[in-house]
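Below is one structure, written out as structure tokens, with a few remarks after it.
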Amino acid sequence: MAEERESRRGVHAVMPLQTAEEESRFNFAKALKASLRNEFKPRLREIYDSRVAPEFARRHGRPPQTADDVAEVMEEDAHYRWWSALLRAQQESYVQNTLLCVERQLDDLDARCRRFTEANDKLGSLRLNPDVEIPWYQAEVDIHCVPGSYHYERYEGDVGQGARSDLGAFIFSMGRHGPYNEDKGIVGVNYIRAQYPDLKPARILDMGCTVGQSTLPYATAFPDAELHAIDVAAPCLRYAHARAEALGKKVHFSQQNAEHTDFEDESFDLVVSHILLHETSARALRNIVRECHRLLKPGGVMLHVEVPIRPKDPFDRFLARWDSLHNNEPFWGTLAETDLVAVAVEAGFRRDSVIETVTNTAYHKVGGWMVYAARKEGA
Amino acid sequence: MSDKSRKGPVVPKGGRSVFLKDPDSERLLAMIIAVASEVSVLYDKIDRLERVAAEKPSFTLADLAAYQPTAEVLAERAEWLQGYMARLLRIFHEDLDDNDGGARSAAYADLMDRMARPDQ
């Protein structure tokens with residue numbers, strides 16, 4: 001049964017608290033999404049094979065070759081339309097419920113966060129920079145249909161969108177990514193250890209950290225390393241700082257765009273990101289990989305953990321577009337078609353150092369994760 | 001939080017995708033999902049009431065507020081939720097298993113007509 005694979009939400013001192021009713025709503029949202037993703041989505045492939053592809057071939061005298069070809073017939077299919085409508089309704093419903101949950105306790109969240117961020121004996125740090133511009137690929141779309149996305153601030157010092165993200169990501173992943181939604185970070189750590197056993201990172205940077213769910217496994221795995229994490233969204237960073245302190249992890253957070261940071265050249269042994277790339281743009285992707293190369297010491301490693309997005313056929317391409325178009329992640333489909341090896345080579349990495357592979361989840365994410373890594377020459 | 005100045009935006013940018021044949025059906029579906037979600041809230045609430053009452057027939061509101069479901073209770077509720085999902089989404093499961101998508105075939109309609117004839 002699906003629920004056997006679900007983790008109970010991890011507890012920490014700054015998390016949004018749930019009433020019993022809210023918890024029931026979130027459990028419903030997870031169960032509905034699990035049904036739509038795990039039971040109904042695979043059936044769409046059957047419909048494509050048995051009805052859609054033959055109908056397209058009948059109309060055009062050739063098999064479907066592009067996502068547009070598939071869309072022509074698939075979007076007429078009642079099951080696809082209802083599956084899509086249900087998935088979008090589920091998404092909007094759970095997002096609204098997480099926002100309501102967070103907004104009713106903003107004052108309390110604020111106070112609980114401050115207890116950690118204003119403590120004299122805190123472990124890490126927070127450096128905000130109001131001059132950092134939210135890049136257009138974040139500012140102009142509400143990713144995952146979240147009103148206000150990651151960066152909206154209700155008032156000065158607001159942690160709301162960060163707290164919502166902490167709660168929402170757990171529900172969005174249906175509890176399949178670990179109690180603290182830390183799966184991607186653990187996958188990154190495990191991959192580093194297996195692939196680069198000689199790498200002993202003294203300085204690590206996590207790009208696009210949001211609330212640090214994937215950052216903290218690096219603090220656990222490399223306790224002697226100086227761990228930095230950046231994001232453009234101040235509400236997420238404030239919350240991430242408090243969350244890391246509450247969980248006893250030392251992280252230095254700063255508000256920066258991963259495309260061009262203020263860190264010195266060759267100052268990190270390891271630069272990582274987790275599901276950052278598909279929420280950027282083609283130009284930003286190239287800038288980020290170039291920035292990774294600039295920041296890495298000789299022999300240092302860049303590692304990006306992503307959703308396994310490579311399409312196998314026109315139907316995959318069509319489905320990959322769903323999140324692009326309907327969950328407000330426009331770059332997703334383009335990234336899926338991008339030659340990431342070429343991007344790394346263009347940024348200065350040696351071609352034979354670049355890896356793109358799919359690796360296992362540490363918890364129960366269906367399909368595992370894509371790892372995109374490269375090592376800088378030298379040392 | 002009743003302070004309206006503390007309320008963030010409530011609608012995601014870019015409007016809503018429409019998948020069904022008319023946007024009113026889509027609105028109705030959103031309402032059905034909301035109602036279905038609230039039914040699951042009520043189920044858990046009744047489950048809590050029953051379990052607290054079984055332990056302590058003269059329970060108070062404080063007893064209800066203090067109740068923490070055990071792992072066993074959570075597993076039972078999760079199982080109920082799985083069954084609830086199957087019942088809620090029954091029509092899609094059944095129609096997916098039917099090559100005609102649940103629609104009545106012309107042959108079956110003819111059969112029904114024949115059966116209804118006074119000479120049969």
Side-chain angles (χ1 to χ4, degrees), chain A residues 1-4 6 8 20-21 23-25 27-29 31-32 34-36 39-40 43 46-47 50-51 75 77-86 88-90 92-93 95-97 99 103-107 140-142 144-149 152-155 158 160-161 325-326 328, chain B residues 1-3 5-14 16-21 25-34 36-45 47-48 64-65 67-69 71 74-75 77-82 84-86 88-89 91-93 95-97 99 101-103:
Chain A
M1 280 196 311
E3 66 274 15
E4 287 171 0
E6 184 181 315
R8 283 281 285 159
E21 289 186 11
E23 190 164 1
S24 298
R25 276 183 203 111
N27 285 338
F28 173 85
L32 177 56
S35 286
L36 296 173
E39 293 169 29
F40 287 91
R43 302 295 298 270
E46 291 172 26
I47 289 169
S50 65
R51 301 211 289 261
E75 287 177 355
D77 182 89
H79 297 296
Y80 168 75
R81 288 188 286 107
W82 276 94
W83 173 78
S84 298
L86 280 160
R88 171 81 191 205
Q90 185 277 345
E92 286 189 25
S93 160
V95 164
Q96 284 301 325
N97 286 330
L99 273 172
E103 285 183 338
R104 73 163 173 79
Q105 56 184 308
L106 271 179
D107 283 344
E140 301 301 328
V141 289
D142 281 337
H144 299 153
C145 305
V146 177
S149 199
Y152 181 81
E153 293 185 272
R154 295 162 185 80
Y155 53 90
D158 183 18
Q161 295 305 94
L325 294 172
H326 308 305
N328 296 341
Chain B
M1 182 69 54
S2 56
D3 181 355
S5 68
R6 295 269 179 122
K7 184 95 186 127
V10 292
V11 180
K13 290 191 181 94
R16 185 179 291 119
S17 301
V18 175
F19 301 97
L20 302 179
K21 283 184 178 164
S25 301
E26 210 100 22
R27 289 187 190 101
L28 202 55
L29 179 66
M31 290 167 72
I32 290 168
I33 294 298
S37 174
E38 295 309 305
V39 168
S40 76
V41 171
L42 290 176
Y43 176 86
D44 287 353
K45 218 167 182 169
D47 185 61
R48 182 166 76 233
L64 280 179
Y67 173 75
Q68 289 294 326
L74 290 174
R77 285 184 184 175
E79 198 177 333
W80 178 83
L81 201 48
Q82 289 295 307
Y84 179 49
M85 281 304 138
L88 186 66
L89 301 171
I91 190 114
F92 304 109
H93 280 293
D95 290 357
L96 275 165
D97 288 333
N99 279 338

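Remember, predicted model here, so these are calculated numbers, not experimental data. All chains are named by letter (A, B, ...) in the order of the sequence lines, taking the proteins before the strands, and each is independently numbered beginning at 1.
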**OP:** Determine the option with the most heavy-atom pairs under 4.5 angstrom with chain B, choosing from A/Glu23, A/His144, A/Arg8, A/Gln161.
**Re:** A/Arg8
**OP:** Pick whichever of B/Glu26, B/Lys21, B/Glu38, B/Lys13 has the most heavy-atom pairs under 4.5 Å with chain A.
**Re:** B/Lys13
Subject >> Side chain, backbone, both or neither of A/Leu325 within contact of chain B (heavy atoms, under 4.5 Å) >> reply: backbone
Subject >> Most chain A-contacting option - heavy-atom pairs closer than 4.5 Å, from B/Ser40, B/Ser37, B/Ser17, B/Ser25 >> reply: B/Ser37
Original post:
So which part of A/Ala31 gets closer than 4.5 Å to some heavy atom of chain B, the side chain, the backbone, both or neither?
Top reply: both
Original post:
Highest number of heavy-atom pairs under 4.5 Å with chain B: which of A/Ala20, A/Ser50, A/Ser149, A/Cys145?
Top reply: A/Cys145
Original post:
Tell me, side chain or backbone of A/Glu21 under 4.5 Å from chain B's heavy atoms, or both, or neither?
Top reply: both
**OP:** Mind checking the CG-CG spacing from A/Leu86 to B/Leu29? Nearest 0.5 Å is all I need.
**Re:** 5.0 Å
Original post:
chain B heavy atoms under 4.5 Å from A/Ser93: which part of the residue, side chain, backbone, both or neither?
Top reply: side chain
Original post:
Measuring from B/Phe19:CZ to A/Tyr80:OH, what's the distance to the nearest 0.5 Å?
Top reply: 5.5 Å
Original post:
So which heavy atom on B/Pro12 is nearest to which on A/Pro147, and how close?
Top reply: N-CG, 3.7 Å
**OP:** Examine whether an atom of A/Asn27 lies under 4.5 Å from a heavy atom of chain B, and if so say whether it belongs to the side chain, the backbone or both; otherwise answer neither.
**Re:** both
Original post:
When only pairs under 4.5 Å are counted, which of B/Val18, B/Val39, B/Leu74, B/Leu88 shares the most heavy-atom pairs with chain A?
Top reply: B/Leu74
**OP:** Please state whether the rings of B/Phe92 and A/Phe40 are parallel, tilted or perpendicular, taking 30° and 60° as the class boundaries.
**Re:** perpendicular
Original post:
For the candidates B/Val11, B/Ile32, B/Leu42, which exhibits the highest count of non-hydrogen atom pairs separated by less than 4.5 Å from chain A?
Top reply: B/Val11
Subject >> Distance (rounded to the nearest 0.5 Å) between B/Lys7 NZ and A/Leu106 CG >> reply: 9.5 Å
**OP:** Classify the ring geometry between A/Phe28 and B/Tyr84 as parallel (under 30°), tilted (30 to 60°) or perpendicular (over 60°).
**Re:** tilted
Original post:
Which bit of A/Glu39 comes within less than 4.5 Å of chain B, counting heavy atoms only: side chain, backbone, both or neither?
Top reply: side chain
**OP:** Measure A/Leu32 against the heavy atoms of chain B and call it side chain, backbone, both or neither at under 4.5 Å.
**Re:** both
**OP:** Sort A/Arg88 into side chain, backbone, both or neither according to what part of it lies under 4.5 angstrom from a heavy atom of chain B.
**Re:** side chain
Original post:
Using a cut-off of under 4.5 Å for heavy-atom pairs, which of B/Arg77, B/Arg48, B/His93, B/Lys45 has the most such pairs with chain A?
Top reply: B/His93
Subject >> Over all atoms of both residues, closest heavy-atom pair of B/Gly8 and A/Tyr152 >> reply: CA-CE2, 3.6 Å
Original post:
Given that the side chain runs from C-beta out, which part of B/Ala36 has a heavy atom under 4.5 Å from chain A: side chain, backbone, both or neither?
Top reply: both
Subject >> Check: B/Arg16 and A/Glu92 side chains under 4.5 Å, non-hydrogen atoms >> reply: yes
